[in-house]
Amino acid sequence: MYLWEKLRKDLEKVVGLEIKDSDFGDFTAKSFNKKPKTILKKVKLPVWVTSEIKGSYINFHINWSKMGQKIIDEVQKKDYGKQKQGKNILLEYSSPNIAKPMHVGHLRNTILGISFVKIFEFLGNKVRKVNWYGDTGTQFGKLILAYKLWGNEFELLKNPTKEMMRVYVKFHQESKKNESLEDNAREVYKGLEEGNKEFTKLWKKFTKLSLKEFKRIYKILNAEFDNYDGESKYSDMGKDIIEKLKKKKLAKKGEDGAWIVNFDNLSTTIIQKKDGTTLYLTRDVATAIDRKKEYGFDRMIYVVGPEQILHFKQLFKTLELLGLKWAKECYHVYYGYVSLPEGKMSTREGKVIFAEDVINESLERAKKINKKVAKEVGLSALNYSILKVEPKRDIIFNWDEMLRLKGNTGPYLQYSAVRAKHIFEKAKISDFKWPEIEEEEKKLLRKMAQFPQIVENAGDQFKPNLIANYAHELAEIFNSFYEKIPVLKEVHKDKRNFRLVLVKSVHNILEKAMFLLNIQVPEKM
Ligand code: ARG
């Protein structure tokens with residue numbers, strides 16, 4: 001346990017109240033029943049703390065000359081904040097659909113996923129990263145047919161997603177005029193399921209080309225996966241699952257011949273169509289079971305949009321009905337919608353905002369601000385603007401705001417980290433005796449001491465925004481400290497050295513926080 005936590009716990013034991021971090025003292029406690037005075041009379045506070053009563057609150061102030069050295073020793077450590085949670089986590093994220101462009105929802109998903117990986121690993125877990133891309137469904141019948149009718153190989157190779165979208169859109173226009181097209185597409189899909197050579201070849205080609213496009217985006221964002229699994233891989237396994245459900249009498253035959261599962265408090269769902277084919281849910285059940293077998297995770301986390309809340313409830317419930325105890329170790333982490341301020345950026349087709357356009361826009365705008373580090377700044381603005389918001393809340397991008405050097409932004413963190421480094425880098429730091437310290441310095445120490453708990457909460461609650469906002473506050477305290485208090489110019493040797501160590505520690509923590517938010521620290525800014 002980290003020192004700050006230990007101090008808090010110790011205080012809780014002594015005082016018998018819940019103790020929280022405070023901006024007025026170092027810790028604070030609210031007393032509900034008894035008068036603070038009565039409480040304090042009965043307890044013997046440890047020597048490292050003094051108390052002060054404010055209404056029904058007790059504020060606690062650290063005795064820094066007793067505790068400060070220990071705290072600063074800790075925050076300086078290379079691996080400060082790391083833990084050994086030791087869980088085996090399977091994290092599925094991004095998971096876009098073949099033949100379609102990644103949209104801004106996938107972008108938020110991917111950026112969240114990258115941060116989760118880093119946070120979980122930092123906390124000492126093993127993370128298996130999986131991309132479960134959508135490569136099955138009747139739309140592939142339409143796509144294959146459309147491509148056979150109107151496709152252009154040259155265009156496909158040059159700009160795969162665009163060409164696939166073009167023929168797909170054309171299919172929908174044409175099928176309004178010509179009804180037989182829909183039937184033909186169904187035939188093609190059936191053929192694909194049954195292994196028709198020509199169709200399979202095309203489908204594989206589409207998959208390969210799409211994955212290549214996704215990977216181009218992942219490379220820019222710094223997303224990594226241990227496994228790329230197509231949803232179609234689990235069609236056959238899905239059929240076994242259906243048999244199991246039938247045998248256990250969990251599935252019933254509906255009037256039209258489809259098989260359905262009844263849940264107590266969730267809406268009923270179909271698990272097998274009347275023509276015998278599997279559905280999305282069935283494939284997901286099969287996938288979960290297969291993953292458990294393959295990797296034996298302690299915990300499985302799906303980062304998927306909010307449209308699928310019911311789907312995941314049904315999925316976890318089905319696993320539970322099948323008697324799988326680990327079902328309660330499965331989590332659906334969803335996130336809010338992302339939109340752009342009207343008129344600020346046109347979208348190419350209707351309402352969908354493409355991930356790549358958003359990335360490019362951010363990079364372009366960053367170029368205008370700082371050519372040399374445009375890539376780092378553009379990406380940090382993008383990552384931060386997504387991660388600073390609690391995942392469940394919606395986001396409206398504001399380009400000017402997110403690229404601002406001073407504000408609650410990624411570039412502000414970069415600027416602060418570079419500034420801190422610049423200060424301590426040139427100085428020679430030597431040992432010091434604990435000096436008299438200023439209010440600004442206490443604020444910094446207190447904030448730095450909270451870092452491990454913040455990361456732990458961010459991991460346990462799936463909230464990178466806790467780290468983002470923490471880093472922002474730390475940067476603000478640091479900048480105001482530096483504006484008020486001399487560091488390099490301080491003549492008192494102990495004070496100077498102490499302050500240099502403070503600055504170095506701020507840098508250490510900012511760098512870690514930024515790493516967890518997938519933000520690079522540029523050399524200069
Ligand atoms: N491909 C789907 C989509 O883009 C998301 C898949 C989510 N993962 C899952 N295991 N169901 O909507």
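Read the numbers this way: they start at 1 and go in the same order the structure lists the ligands and their atoms.
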Colleague: Name the one of Asp226, Asn88, Asn227 that satisfies side-chain hydrogen bond (donor to acceptor under 3.5 Å, both in side chains) with Arg128?
Modeller: Asn227

Colleague: Any ring pair (Phe, Tyr, Trp, His ring centres under 6.0 Å) pairs touching residues 162-185, not counting sequence neighbours?
Modeller: Tyr168-His172

Colleague: Which protein N or O atoms sit under 3.5 Å from any N or O of ligand 1? Give atom names and distances.
Modeller:
residue  : atom   : partner : partner atom : Å
ligand 1 : 1 (N)  : Ser95   : O            : 3.0
ligand 1 : 1 (N)  : Asn97   : OD1          : 2.7
ligand 1 : 4 (O)  : Ser95   : O            : 3.3
ligand 1 : 4 (O)  : Asn97   : ND2          : 3.1
ligand 1 : 4 (O)  : His106  : NE2          : 3.2
ligand 1 : 8 (N)  : Glu92   : OE2          : 2.8
ligand 1 : 10 (N) : Glu92   : OE1          : 2.9
ligand 1 : 10 (N) : Asp284  : OD1          : 2.8
ligand 1 : 10 (N) : Asp284  : OD2          : 3.4
ligand 1 : 11 (N) : Tyr280  : OH           : 2.6
ligand 1 : 11 (N) : Asp284  : OD2          : 2.6
ligand 1 : 12 (O) : Gln308  : NE2          : 3.3

Colleague: Compute the centroid of each ring, for Phe214 and then for Tyr133, and state whether the two points are separated by less than 6.0 Å.
Modeller: no

Colleague: For residues 198-206, dump all side-chain donor-acceptor pairs below 3.5 Å to protein atoms at least two apart in sequence or in another chain.
Modeller:
residue : atom : partner : partner atom : Å
Glu198  : OE1  : Lys148  : NZ           : 3.3
Glu198  : OE2  : Lys148  : NZ           : 2.7
Thr200  : OG1  : Asn196  : O            : 2.5
Trp203  : NE1  : Asp135  : O            : 2.9
Lys205  : NZ   : Glu153  : OE1          : 3.4
Lys205  : NZ   : Glu153  : OE2          : 2.7

Colleague: Using the salt bridge (Lys or Arg N to Asp or Glu O under 4.0 Å) rule, collect all pairs that involve residues 211-225, keeping only residues at least two apart or in two chains.
Modeller: Glu213-Arg216, Arg216-Glu356

Colleague: Salt bridge between Glu243 and Lys246, side-chain N to carboxylate O under 4.0 Å?
Modeller: yes

